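Side-chain atoms are counted along with the backbone in the values below, which use heavy atoms only and exclude waters and symmetry mates. Since the structure is predicted, the reported quantities are computational estimates derived from the model, not experimental observations.
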Amino acid sequence: QVQLVESGGGLVQAGGSLRLSCAASGRTFSRYTMGWFRQAPGKEREFVAIIRTGGSTDYAASVKGRFTISRDNAKNTVSLQMNSLQPEAPAVYYCAAGPVSGSSPSGYNSWGQGTQVTVSS
């Protein structure tokens, strides 16, 4: 497992942008699929984006075309660039690492503490 620490959340107006970052410890970072998930109050944690070890990516339909996930294996970081943010319920965004490449949270065995994102209308 790896230790993950997210940063970059905050309050932003609708239409604006935020960039989330996740710093990972350990020397095996490049072997993991890295994902971003989010959870709003009273709702289940949902998939946002993943980037596999080879660099291929998947996005939830709701964010495709607006969000971009990237990784830097030399720096042990993964980022999520979020553009054209839409007003919706505040959510905590979580960084995750796992040996699988799917969109289910159950496939990831390392999680950060989360960072809050609020988009105001």
May I have all residue pairs that pass salt bridge (Lys or Arg N to Asp or Glu O under 4.0 Å) and include part of residues 66-76, sequence neighbours excluded? none
I'd like to know if the side chain of [X] reaches the main chain of [Y], judged simply by a donor and an acceptor atom lying under 3.5 Å from each other, with no hydrogens or angles considered.
{"X": "Gln113", "Y": "Val5", "value": "no"}
{"X": "Glu6", "Y": "Gly114", "value": "yes"}
{"X": "Ser30", "Y": "Asn73", "value": "no"}

Decide whether [X] and [Y] are clustered together by the hydrophobic rule: side chain heavy atoms of Ile, Leu, Val, Met, Phe, Trp, Tyr closer than 4.5 Å, transitively.
{"X": "Tyr32", "Y": "Phe47", "value": "no"}
{"X": "Ile51", "Y": "Phe37", "value": "no"}
{"X": "Met34", "Y": "Val117", "value": "yes"}
{"X": "Ile69", "Y": "Val2", "value": "yes"}

Could you tell me which non-hydrogen atom of [X] sits nearest to which non-hydrogen atom of [Y], and how far apart they are?
{"X": "Val92", "Y": "Gln116", "value": "CG2-OE1, 3.5 Å"}
{"X": "Tyr59", "Y": "Ala49", "value": "CD2-CB, 3.6 Å"}
{"X": "Gly8", "Y": "Leu18", "value": "O-CD2, 3.8 Å"}
{"X": "Val78", "Y": "Cys95", "value": "CG1-SG, 3.7 Å"}
{"X": "Ser21", "Y": "Trp36", "value": "O-CH2, 3.7 Å"}
{"X": "Val48", "Y": "Val63", "value": "O-CG2, 3.6 Å"}

Apart from Leu11 itself, what residues make up its hydrophobic cluster, given side-chain heavy atom links below 4.5 Å? none
Rounded at 0.5 Å granularity, tell me how far [atom1] in [X] sits from [atom2] in [Y].
{"X": "Thr57", "Y": "Ile50", "atom1": "OG1", "atom2": "CD1", "result": "8.5 Å"}
{"X": "Ser110", "Y": "Leu4", "atom1": "OG", "atom2": "CG", "result": "5.5 Å"}
{"X": "Gln13", "Y": "Ser121", "atom1": "CD", "atom2": "OG", "result": "9.0 Å"}

Is any side-chain heavy atom of [Y] closer than 4.5 Å to one of [X]?
{"X": "Ser79", "Y": "Arg19", "answer": "yes"}
{"X": "Tyr108", "Y": "Thr33", "answer": "yes"}
{"X": "Met82", "Y": "Leu20", "answer": "yes"}

Could you label the plane-to-plane angle of the Phe67 and Tyr93 rings as parallel, tilted or perpendicular, counting under 30° as parallel and over 60° as perpendicular? tilted
For atom CD of Gln3, is the number of surrounding heavy atoms from other residues, nucleotides or ligands below 6.0 Å larger than 12? no
Could you pull out all residues at least two apart from Gln39 that satisfy side-chain hydrogen bond (donor to acceptor under 3.5 Å, both in side chains)? Arg45
